Amino acid sequence: MPTPSNEVISRRERIARAIDLKDEILLVGAGEPVGIPGGMDQTYPFLSHAEYFYLADRECIGGVIAYDPKDGWRDFEPEVTEKERVWEGPRELKGEPLSGLAGWLAARRGRQVVNLGSPIAGVRQDAVRAEAVREQFTHARRPKSAAEIERIRDAVRASEAGYRTLQQFLKPGVTERRMKIEMEAEFFRNGADRTCYGSIVGVGTNAAVFHFTPGEKAARDGDLVLVDAGAERGRYGCDITRTYCIGKWEGVKRDLYLAVLNAQKKACAACRPGVEYRDVHLNCALEMTRSLVDMGLMKGSADSLVEQGAHLLFFPHGIGHFVGLGVRDASGRLPGRPVHTDKRVSTLRCDLPLQPGYVLTIEPGLYMIPAIINDPARREKHRDAVAWEKVEKLLDIGGVRIEDNILVTDGDPVNLTASVGKEI
Ligand code: GLY
Ligand code: MN
Ligand code: MN
């Protein structure tokens, strides 16, 4: 049986230290493929649970990693069946047969089990305790190793090629779908094995729909095009957003872009050890609000506008999340930290101080979202905060978001996605 790589050994040591089990044992399940309803034997593409993948660095349907603090780690894996050999091809067993797990558990009868990753049939556990262990596990895997960062860089290299190729298609008449296809093809030609999430390409008003699925809409001269896409390689990916203008950047679209770009650059530069992510978010919200006041779209001081939540009219999401082993990698709060009640940062779901090795997104945006701008309750609440008559005329422009992936270090932050241009 192959021995685990040094990378896997060091990840396991890190997790063992962090979760610090005494008499309990740990089981981490990879999970099973999910069948497509009504699809006969078809399944959705299988990805092992991220907690399993982190400890195994490989995919394994039905795999189970077992850990006893008294005698170490074991890899159990379903035996290769004849059916599998016929339909899927031969597969080398990299772990020990899963049939051995029952004996391993029987030898530890009476000890509490913590089941992370995917649930394992027949295992009972204390759900509250499992959540507490998961919190420690998640926190321990936040700082990325050199090998993980290298894999993120591979994904960035593939993405970069896609964004480069995209530039030649940014012309009137190009559809969202065409842009997605041309860009993704380049991701794959440059080593991607998947996209890290469903690529978002939105033209005009569609640029203000956060998780927009590209369709047949064609860009016209002057339209904004928001592209949010990243490649993935070996389960590690990146998450990049750029906003383009078909034709010349001018007027309010240009001002909005520069407002986001200015705030985004400052936020990227602020990602240093010890800095609270929520402060990065808050300062970015203040910065963009100041710009909206300068543009004559908002009225008052940025501090008081953000205090009353008026910035949420145009920036209704958080500044980012962790990224790496998937697009929402190990996000969340510092272990033990309660959900914060600061309304000024209510849209940020991550709450923790930054540390060297963290890779996170910085993705502020300003949007004209009809569902928000036309909401009577918000208009009443923020009656005096917004130049409504000006804003109403901008409802067809969509929005601007700029997203980079930042590696926090002991020194200056490193922008891993800087090679995808964002200057206009
Ligand atoms: N790509 C989705 C996001 O930026 O969170
Ligand atoms: Mn993102
Ligand atoms: Mn994104």
Side-chain angles (χ1 to χ4, degrees), residues 47 50 142 144 148 152-153 155-156 158-160 162-163 166 176 179-180 183-184 187 192 194-203 206-215 224-233 235-244 257 260-261 263-265 267-268 270-271 277-278 280-281 284-285 288 312 314-332 345-352 354 358-367 369 398-408 413-422:
L47 296 175
R142 283 184 177 130
K144 296 284 171 268
E148 291 180 288
I152 295 171
R153 285 189 186 278
V156 172
S159 309
E160 209 179 283
Y163 273 92
L166 176 67
E176 295 163 339
M179 289 185 264
K180 166 190 153 88
M183 183 178 55
E184 289 185 358
F187 288 1
R194 289 169 18 94
T195 59
C196 194
Y197 49 93
S199 302
I200 298 161
V201 182
V203 164
N206 294 342
V209 181
F210 297 155
H211 286 171
F212 186 75
T213 302
L224 294 182
V225 178
L226 186 147
V227 180
D228 182 344
E232 187 175 296
R233 186 177 160 94
R235 283 295 295 272
Y236 283 77
C238 57
D239 181 7
I240 304 170
T241 306
R242 293 292 182 262
T243 308
Y244 303 104
Y257 189 89
V260 176
L261 182 64
Q264 200 258 1
K265 285 182 180 171
C268 291
C271 295
Y277 204 14
R278 66 164 102 151
V280 181
H281 175 95
C284 192
M288 291 198 294
L312 300 175
F314 305 103
F315 175 39
H317 61 71
I319 197 161
H321 50 86
F322 285 61
V323 61
L325 180 43
V327 67
R328 294 274 187 273
D329 186 23
S331 296
V345 294
S346 58
T347 51
L348 183 64
R349 285 171 285 185
C350 297
D351 183 20
L352 70 183
L354 305 184
Y358 287 7
V359 177
L360 41 91
T361 73
I362 292 293
E363 51 176 308
L366 290 172
Y367 316 84
I369 303 174
V400 171
R401 177 166 68 255
I402 305 170
E403 176 175 29
D404 280 306
N405 300 172
I406 305 298
L407 168 64
V408 182
V414 176
N415 186 344
L416 297 173
T417 49
S419 54
V420 180
K422 61 185 175 186

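One-based numbering, in listed order, for ligands and for the atoms of each. All values reported here derive from a predicted model rather than from experimental measurement. FYI, side chains are in, hydrogens and waters are out, and symmetry mates aren't considered; it's all heavy atoms of this structure.
- Using a 4.5 Å cut-off on side-chain heavy atoms (C-beta onward), L416 and C238 make no contact.
- For the pair R242 (side chain) and E403 (backbone), a donor-acceptor distance under 3.5 Å is present.
- Counting only non-hydrogen atoms, the option in R328, H317, R401, E403 that gets closest to atom 5 (O) of ligand 1 is R328.
- In terms of modelled atom types and a separation under 3.5 Å, the side chain of T243 and the main chain of R401 share a donor-acceptor contact.
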### Message
The test is side chain to side chain contact (heavy atoms under 4.5 Å, CB included); show your working for Y244 and L166 and say whether it passes.
### Response
CA-CA 11 Å; Y244 303 104; L166 176 67; 3.8 Å; yes

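- Of all the N, O or S atoms in E403, the one closest to the Mn ion (ligand 3) is OE1.
- Here E363 fails the criterion, with no N, O or S atom under 2.8 Å of the Mn ion (ligand 3).
- The residue F210 has no part lying near ligand 1, judged by heavy-atom distances below 4.0 Å.
- Residue H321 approaches the Mn ion (ligand 2) most closely through its N/O/S atom NE2.
- Using bins of under 30°, 30° to 60° and over 60° for the plane-to-plane angle, the ring pair Y163/F187 lands in the tilted bin.
- Of all protein heavy atoms, the one closest to atom 3 (C) of ligand 1 is D239 OD2, 3.4 Å.
- Note: no N/O pair closer than 3.5 Å links H211 and ligand 1 by distance alone.
- The atom name of the N/O/S atom in D239 closest to the Mn ion (ligand 3) is OD1.
- R142 places a side-chain N or O within 3.5 Å of a backbone atom of S331 that can act as its donor or acceptor partner.
- If you check which protein heavy atom lies closest to atom 2 (C) of ligand 1, you get D228 OD2, 3.7 Å.
- Not a single N, O or S atom of D228, from either the backbone or the side chain, sits less than 2.8 Å from the Mn ion (ligand 2).
- Atom CG in D239 sits 5.5 Å away from atom CD in E363 (nearest 0.5 Å).
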